[in-house]
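Okay, so here's the structure we're looking at.
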Amino acid sequence: MHKIYFDHAATTSTRKEVVDIMLPYFTESFGNPSSVYEIARKNKQAVDEARQKTADLLGADFNEIYFTSGGTESDNWAIKGVAESYKSKGNHIITSAIEHHAVLHTCQYLESKGYEVTYLPVDEYGQVNPEDVRKAIKDTTILISIMYANNEIGTIQPIEEIGRIAKERGVLFHTDAVQAMGHIPIDVKKANVDLLSFSGHKFHGPKGIGALYIRKGVRIKPLLHGGAQERNRRAGTENVPGIVGLAAALELAIRDMEENNKKMLELRDYIIRGITERIEHVKLNGHPTKRLPNNINFTFDFIEGESLLLLLDSKGIYCSSGSACTSGSLDPSHVLLAIGLPHERAHGSLRITLGDENTKEEADYLLEVLPSVVQRLRDMSPLYEEFKRKNK
Amino acid sequence: MHKIYFDHAATTSTRKEVVDIMLPYFTESFGNPSSVYEIARKNKQAVDEARQKTADLLGADFNEIYFTSGGTESDNWAIKGVAESYKSKGNHIITSAIEHHAVLHTCQYLESKGYEVTYLPVDEYGQVNPEDVRKAIKDTTILISIMYANNEIGTIQPIEEIGRIAKERGVLFHTDAVQAMGHIPIDVKKANVDLLSFSGHKFHGPKGIGALYIRKGVRIKPLLHGGAQERNRRAGTENVPGIVGLAAALELAIRDMEENNKKMLELRDYIIRGITERIEHVKLNGHPTKRLPNNINFTFDFIEGESLLLLLDSKGIYCSSGSACTSGSLDPSHVLLAIGLPHERAHGSLRITLGDENTKEEADYLLEVLPSVVQRLRDMSPLYEEFKRKNK
Amino acid sequence: MYSEKVMDHFMNPRNMGEIENASGVGVVGNPKCGDIMKIYLDIEDGIIKDVKFKTFGCGAAVATSSMATELVKGKTIEEALKVTNKAVMEALDGLPPVKVHCSVLAEEAIHAALWDYAQKNGIEIEGLKPPVDHDDHHHDIHEDDE
Amino acid sequence: MYSEKVMDHFMNPRNMGEIENASGVGVVGNPKCGDIMKIYLDIEDGIIKDVKFKTFGCGAAVATSSMATELVKGKTIEEALKVTNKAVMEALDGLPPVKVHCSVLAEEAIHAALWDYAQKNGIEIEGLKPPVDHDDHHHDIHEDDE
Ligand SMILES: Cc1ncc(COP(=O)(O)O)c(C=O)c1O
Ligand SMILES: Cc1ncc(COP(=O)(O)O)c(C=O)c1O
């Protein structure tokens, strides 16, 4: 049976080359970078090189890159750390309704601590209107956090513009770039961001490692207290293999980005066309053009997403419905609700996220299998029964 | 030249067998455990198995083990999470003066948030007196956090007794077992602890992964908000290779503990005797018997630790002076000050921490090199010059 | 995640379909929550001669519908009333904690269809309560954190 | 961490030792902070004919002592006064930020020895200030976090 992985937004495999680069840091060069002796100094150097490489790839400075345990920690740190540092200035935070839970739940937590949070709406394509950001800024606003690209529907936000407004108004701007990093070009200076989160495993790097870009001059309280690592800002023995792996994976992702994106864009649009042509009662979610080159998200009316995933799974096709990270919850995706889908249609979404290894043959197989799978679930659905009765 | 690693308390290499167990989870079995399809379910199962194994090794239940990014996160989470959950009950925390910075700095942070912290003193061997704990408990006490074994001087605390007192008085008890785990037998039930932190890289597991044992019934707020991972308590895509590696390393460490400890105890006492016999003006820091089997810590009068490390490094011997994690600071070790050493003597400490791969030959080489290295620094030292003048 | 039994009933659902002029029809659930179950009963002489279901929902919703119909098929009304959500779950070798509510829904769907049958026939079935509204039904998977 | 030059001066310190009946001796630093530097000067006709040091401290403390003695040896008092901590650091190809204070200490030790020489000989050296007390000297490596 085919085994087709179409869930690259959930996580990716660590590239073989990346694992090879990491390996010596587990067994031979295992020293603690904070120690003074030779083998440890070598590891300090490896961490420094990874930091420099990462900084260069983002247009940042060496001292502006801080390694964390992943996108979630980066988001939590950025938001809580800035909120705490600037609370004498104000208590208002602006974010969007379609952020990842790592941002949303952090903001909700801060609300319980006396902060005020504005959750900006998005349009039907999932875009935040920069003018809404401008209008939401008050004297007490200390942080704006708007994601670079959405993990479910792939919509890319007007980050530069929002950043420009934030700068004009002297408000710090954080962006969750977990889905964008390694997938579309990012330059922190051009993007006008003060803080930027990303996570290794979304671009063929290892899991359990991420980073936060913190522009020089931004004050931020630590989230993890302890040792003096990461210039006293993020305690904990450095995950050397992870750090080295993250930088290597990012370098490769950015090196191959243009070529991969060209291929994925073609495949993406081929699948979108294929689904639209072959299946009735479907809707493409997200922006038609301002979307990640690897993201496809459809709603199939009358059916529920998990069932669809399970049937596709039985055919060897791995996709997701809403964010994999949120599957512990039974609520339909807050992102799909925010773009205006009613609950039952939000339940019936399918996300297909491509990787560079996906082929046209795989797309064809999906397009062959999907119509019958959808039909099978519709035949089982009392909602479809009702729809047919009404439209007889 | 010999290359002798005597700094196992700073970090350890990841065992080859452990790396082999981790490897497939990077490249082949890379799915996100939160997804529903086949390859992801396999990873969910791998994480569950690692959780069960870890729980069994500690005498805990499956649902009481939570994976984190390391000892620092576990300590931060335990203390901040409990402090927040129980703040309606009280605001008082009891800890010791010799905790790792991951605990101390977290407690200091909580002080800045209105909590009251008692830092219990220790005796000259670095032990907390359980009676001091009892006396420190007040109506407002919500948490006691005392480390299992100290990272610098190796002293093992009377955890069971402290736990019994905590239980009697209905106060939660957290222990930082980062140095103890995998090195001495630990059973969370016998130890009477409610929360227990540990970190993979201290027992030949990978860096960037740790765990927190949370007894069933203990309320704790999340430190990282976001997805529903770890039963809604610790968000972030699971570091599957890390989790699998942590459990495997712990299993091996505990399997081989008795044999390794027998060997290390002998070597430890051989080195302690050797140093005491060969070098004047030295003092063994820590408890003579209630100490980790792999820990040796000496103060060499009139000289400074970093110089000593560098000279030993030049001879291929890797040790530490105070905790490697605190080397970003130039203050002498708070642990050595707490056991009563004056500043200049605290600066002159050497920590040798053994691993199972260390041999008697290596110990002999150390004992051959160390006296001349110490003498060389003393000959350079104005403090030694003064001492000699006074004692002529 | 799911037991083999659950997967089997999801992949090969028993009694899927409709019954024309059914003796009783019950619909429970709510598209908002992502599950709707519709049960059709064909009852003759107090015996469930046939039963069919249609379900909009997750794998567990389909599997519990399928299993519930299997468990009541050929049974008397009294026996069918005793088919609890626990019985459905056990017959499926268990469900993940977040999916337990599906088995509750399956039990309720059977009851709702029986209620409809009773209403249509002006009879009273001992121990059967009118169907509840699921609009405010919550899926709470948090546990003792707070 | 350290440059090759620093390591060279640490491993092979120049001018380590004492001078009996030195023209001037300076001691700076504090055992509490982990560094003490003692400089011995042999001055003849306003020229530093010989210089020795003893140091209790880290690798950088030893290396900066060694380099500072090299830089002042054979120099006039006026030239020696111009040997700043920056000059010492540059001659060593730099120091890690947390170790910059060692170079400051080395400069101060030379100054203290010159001061002692001046005091003993009842002369005044233009631009030389009396040694400062280092008891309240802090090593702050935090930066713009707050
Ligand atoms: C947009 C976005 N933000 C944050 C995260 C969290 O990253 P991680 O799971 O690596 O902590 C994810 C993915 O899970 C994501 O897609
Ligand atoms: C006693 C103790 N607690 C906590 C830690 C922190 O662990 P980690 O560096 O893995 O976060 C360490 C080691 O660094 C330690 O020795």
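Order of the sequence lines fixes the chain letters, A, B, ..., with proteins taken first and strands second; residue numbering starts at 1 for each chain.
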ask   = Parallel, tilted or perpendicular: which fits the ring planes of A:Y37 and B:Y5, with parallel below 30° and perpendicular above 60°?
value = perpendicular
key: Segment of B:L224 engaging chain A (4.5 angstrom heavy-atom cut-off)   = both
Heavy-atom side-chain proximity of A:H225 to B:Q108 below 4.5 angstrom = no
note = Distance col, row B:T72:OG1 vs A:R234:CZ, nearest 0.5 angstrom, shows 7.0 Å
message = Need one label for B:N239: side chain, backbone, both or neither, based on atoms under 4.5 Å from any heavy atom in chain A.
response = both
message = Quick one, B:K221 and A:Y109 - any side-chain contact, counting heavy atoms below 4.5 Å?
response = no
request  = Using side chain to side chain contact (heavy atoms under 4.5 Å, CB included) as the criterion, point out the one residue from A:T11, A:D7, A:D313, A:L309 that pairs with B:S35.
outcome  = A:D7
message = Taking B:F30's backbone N and O only, do any of them form a donor-acceptor pair with A:K207's side chain (distance below 3.5 Å, no angle check)?
response = yes
Main-chain N/O of B:L223 paired to A:K80 side chain as donor or acceptor, under 3.5 Å = yes
key: Heavy-atom contact with chain B under 4.5 Å, split by part of A:H201   = side chain
task = Would you give the length of the straight line joining atom CG of A:L23 to atom CZ of B:F26, rounded to the nearest 0.5 angstrom?
result = 8.0 Å
task = Please list, chain by chain and in numerical order, all residues satisfying side chain to side chain donor-acceptor pair (under 3.5 Å) with A:E28, sequence neighbours excluded.
result = none
key: Sequence neighbours excluded, every pair satisfying salt bridge (charged side-chain N to carboxylate O under 4.0 Å, His left out) that has a member inside residues 16-27 of chain A   = A:R15-A:E17, A:K16-A:D20
remark   = Whatever's closer than 4.5 Å to a heavy atom in chain B on A:T12 counts as backbone
ask   = In Å, rounded to the nearest 0.5 Å, how long is the span from CD of B:Q229 to NE2 of A:H101?
value = 11.0 Å
key: Most chain A-contacting option - heavy-atom pairs closer than 4.5 Å, from B:A235, B:S199, B:G70   = B:A235
